[in-house]
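Got a structure for you, questions after.
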Amino acid sequence: MDRLATRTPSAPERSLLLSQLPFYALLLATLGVVAAAWIPGSGLGPFYLRRQDQWLLIFGAIALLCCVRDLPDRSASLAATWRLALAVGGVMALGTLAGHYGILSGYDLSLDERLANFDAAIFARGHVVAPLPMQWQAHSDALNTMFMYRADPREAWASNYLPGHAALRALIGLLGTRSLTGPLMTLAGALGLWACTRRIWPANREAPVIAVLLYAGAGQIWLNGMTAYAMPAHLAVNLAWLWLVLRRIWWADAGALMLGFLAVGLHQLHYHPLFAAPILFLLILERDWRRVAFYVIGYLAIALFWEWWHYWSSTLVAGGPLMADAARTDYLSRIITNLDRIDGLRLSNMTANLLRMIAWQHLLLLPLVVLGIRAARRDRLAAALLGGIVLTLLVRIAFQPYQGHGLGYRSIHGLIGNFILLAVYGWVSLGDDVGRWRSLLLRTTAASCFIILPLQAWMAHDFYASYAKVSDRMDTVSADYVVVGASDTHFSSDLVRNDPFLTNHPIRLLREALDPGLQERLCATHPSVALVGPATLKPVSDYFGVMISPSLDGENLRLAGNLRRMGCHVELL
């Protein structure tokens with residue numbers, strides 16, 4: 001893909017850019033503090049901003065102010081071979097694997113994480129959906145079916161996410177543990193980024209080193225690599241896809257389309273197309289109609305296949321053709337549903353999201369991206385990379401400004417490669433002033449890895465450990481069932497998680513879904529039931545700084561009385 005020459009700033013302009021960094025650092029810190037005070041208090045985005053991101057922006061500003069002082073002019077280029085990407089990616093893979101257990105308590109906190117392993121467990125047994133025992137088919141909501149295919153009654157269950165990421169986790173699980181998936185994708189991302197940078201700047205031996213250092217200094221990449229989120233896979237696959245498209249050879253196009261099939265089916269339909277569309281649009285500008293037709297037909301087939309997959313797998317859950325309401329599993333229906341759920345805090349949520357995105361990246365990424373955006377006016381590929389970012393943010397603002405859980409702004413995670421490559425565009429435009437920037441990059445990389453990253457890891461541990469403690473307590477109960485209310489504390493419904501084949505003990509249930517018919521059915525065999533109370537939920541309520549639902553004790557006492565009358569043995573946990 002031909003690119004026009006990138007304008008090189010004049011020497012006075014470059015000096016001015018470097019001198020503006022202290023102002024940039026103070027501005028970001030001020031924005032974080034002001035936004036934390038201004039944004040309304042409801043929702044996870046504002047909570048993250050006050051609890052984590054404003055402090056990361058403040059410490060990041062302090063670190064950048066220290067790094068920019070008395071910069072020496074480093075004349076030696078930061079050139080290296082591909083082994084640097086392998087070494088950095090390998091260290092990050094080992095660190096993220098250890099961090100899954102040591103930092104995140106080996107716990108899948110969000111439903112997105114849990115359902116990735118839920119579906120992976122189904123695929124590992126050779127099934128597409130997990131059959132439900134007869135007693136649960138009309139009462140499956142008590143097992144927590146949020147983000148699953150709808151059917152009433154249902155003969156089986158599975159998440160309504162696309163299966164690519166879960167299938168990948170099931171496959172990697174054959175190596176010993178599914179927790180290797182994020183670390184391996186983190187390693188693949190480092191190698192893919194190196195390959196893309198070498199492809200775009202074949203004569204510049206320093207450019208891929210800059211890219212890898214920016215990658216290594218991004219806390220969002222480290223922390224998400226520790227999770228079961230699909231985001232590390234999105235980033236790795238997008239970078240591999242970009243490298244293949246840039247090859248401009250028929251076999252590479254065929255490989256890119258195969259990766260596109262995986263990328264679209266990883267998680268949700270829209271993530272990869274928003275990344276790929278601006279890059280493929282360059283083929284139209286080049287009037288390469290053969291490749292345009294190949295990709296248009298290919299992606300149309302991919303979209304149709306995954307929409308068919310959604311419908312087909314939902315019929316397996318329902319045990320046959322779907323009723324009209326239950327059939328609303330297609331992608332457009334889910335978008336309409338999200339639009340119906342959007343609250344009036346769109347600007348507040350997106351402001352918090354964007355500040356969170358900045359706070360969890362390399363300290364020098366955004367200043368270099370600002371320089372790189374100038375290249376987008378003259379370089380088509382740079383414009384396409386920027387276009388993927390802008391298009392994704394516009395779609396998020398329009399359809400889903402609320403992120404939910406996430407370490408950094410995970411909705412943009414698959415585009416971190418775009419940010420880094422734009423930053424490298426900025427780097428190659430530095431010209432004679434690059435010597436001081438080399439010193440600054442080395443300093444800020446060290447500060448990102450050894451000051452900001454440990455702070456981010458502590459914040460992530462504090463969050464995950466609060467839920468992991470409650471979950472571990474529930475696992476140790478010597479009861480057949482343990483019951484939690486959906487509104488007992490923040491996201492307490494996420495604690496209701498079960499193995500797809502219900503082999504876990506005790507089985508976890510949602511209190512609100514225990515209708516009288518289910519209560520009678522459960523108690524017919526005189527099982528033991530534990531009702532989770534305020535003392536057990538205290539780690540979560542303490543983390544969020546909120547009170548346990550004042551109605552919890554009363555709800556538990558009423559339910560305990562009903563269950564005892566029907567023959568259950570009840571204890572308050």
Checklist entry - Taking the six-membered ring where the residue is Trp, are the ring centres of Y229 and H165 under 6.0 Å apart? => result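 They do not qualify: ring centres at least 6.0 Å apart.
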Next on the checklist: On the six-membered ring of Y409, is R356 placed so that its NZ or CZ lies under 6.0 angstrom from the centre and within 45° of the ring axis?
Outcome noted: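 Here R356 fails the 6.0 Å and 45° test against Y409.
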Next on the checklist: Under 6.0 Å between ring centres: does that hold for H127 and F123?
Outcome noted: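 Ring centres of F123 and H127 not closer than 6.0 Å.
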Checklist entry - Are T536 and R473 linked by a side-chain donor-acceptor pair shorter than 3.5 Å? => result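 No.
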Item to check | Whether H310 side chain and Y161 backbone form a donor-acceptor pair below 3.5 Å | outcome: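 Not a single qualifying donor-acceptor pair exists.
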Next on the checklist: I'd like to know whether the aromatic ring centres of Y299 and H272 sit less than 6.0 Å apart in this structure.
Outcome noted: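 Between H272 and Y299, which both carry aromatic rings, the centre distance is below 6.0 Å.
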Next on the checklist: Tell me whether R521 is salt-bridged to D515, with the criterion being a basic N under 4.0 Å from an acidic carboxylate O.
Outcome noted: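 A salt bridge is absent here (no side-chain N lies under 4.0 Å from a carboxylate O).
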Item to check | Partner set under side-chain hydrogen bond (donor to acceptor under 3.5 Å, both in side chains) for D108, not counting sequence neighbours | outcome: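 Partners of D108 under the side-chain hydrogen bond (donor to acceptor under 3.5 Å, both in side chains) test: N117.
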Checklist entry - Are the ring centres of W306 and F261 closer than 6.0 Å? => result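 Yes, the ring centres sit under 6.0 Å apart.
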Next on the checklist: With a 3.5 Å distance limit and no angle check, can you tell me whether N144 reaches the backbone of V496 through a side-chain donor-acceptor pair?
Outcome noted: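 Yes.
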Checklist entry - So, R169 and D119, do they make that salt bridge, N to O below 4.0 Å? => result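 A salt bridge is absent here (no side-chain N lies under 4.0 Å from a carboxylate O).
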Next on the checklist: Would the distance check show the side chain of S492 and the main-chain N or O of A486 forming a donor-acceptor pair, the cut-off being under 3.5 Å?
Outcome noted: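 Judged by distance alone, yes, a pair lies under 3.5 Å.
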Next on the checklist: For H413 and H234, I'd like to know if the aromatic rings sit close, meaning centre-to-centre distance below 6.0 Å.
Outcome noted: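 Ring centroids of H413 and H234 are no less than 6.0 Å from each other.
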Item to check | Flag, side chain of W360 to backbone of A218, donor-acceptor distance under 3.5 Å | outcome: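 Not confirmed, W360 side chain does not pair with A218 backbone.
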Please list every donor-acceptor pair under 3.5 Å in which a side-chain atom of residues 452-463 meets a protein atom from a residue at least two apart or in another chain.
unit_1, atom_1, unit_2, atom_2, d
Q456, NE2, A359, O, 3.1
H461, ND1, I103, O, 2.9
D462, OD2, R51, NH2, 3.0

Checklist entry - Do the two ring centres, one from Y311 and one from W308, sit under 6.0 Å apart? => result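 No, the ring of Y311 stays outside the 6.0 Å limit from the ring of W308, centre to centre.
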Checklist entry - Taking the six-membered ring of F118, is NZ or CZ of R497 closer than 6.0 Å to its centre and within 45° of its axis? => result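 No, a cation-pi geometry is absent between R497 and F118.
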Checklist entry - Between H362 (side chain) and L214 (backbone), is there a donor-acceptor pair under 3.5 Å? => result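 It does not hold such a pair.
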Item to check | Salt bridge flag under 4.0 Å for residues D494 and R114 | outcome: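 No, D494 and R114 are not salt-bridged.
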Next on the checklist: Between Y215 and T186 (side chain of the first, backbone of the second, donor and acceptor by atom type, cut-off under 3.5 Å), is there such a pair?
Outcome noted: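 Checking the backbone N and O of T186 against the side chain of Y215, a donor-acceptor pair under 3.5 Å is found.
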Item to check | Ring geometry between F544 and F47 (parallel below 30°, tilted from 30 to 60°, perpendicular above 60°) | outcome: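 Geometry flag for F544 against F47: tilted rings.
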Checklist entry - Would you say the side-chain atoms of Y107 and D472 include a donor-acceptor pair closer than 3.5 Å? => result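 No.
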Checklist entry - For the side chain of S110 and the backbone of E113, is there at least one donor-acceptor N/O pair under 3.5 Å apart? => result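 Judged by distance alone, yes, a pair lies under 3.5 Å.
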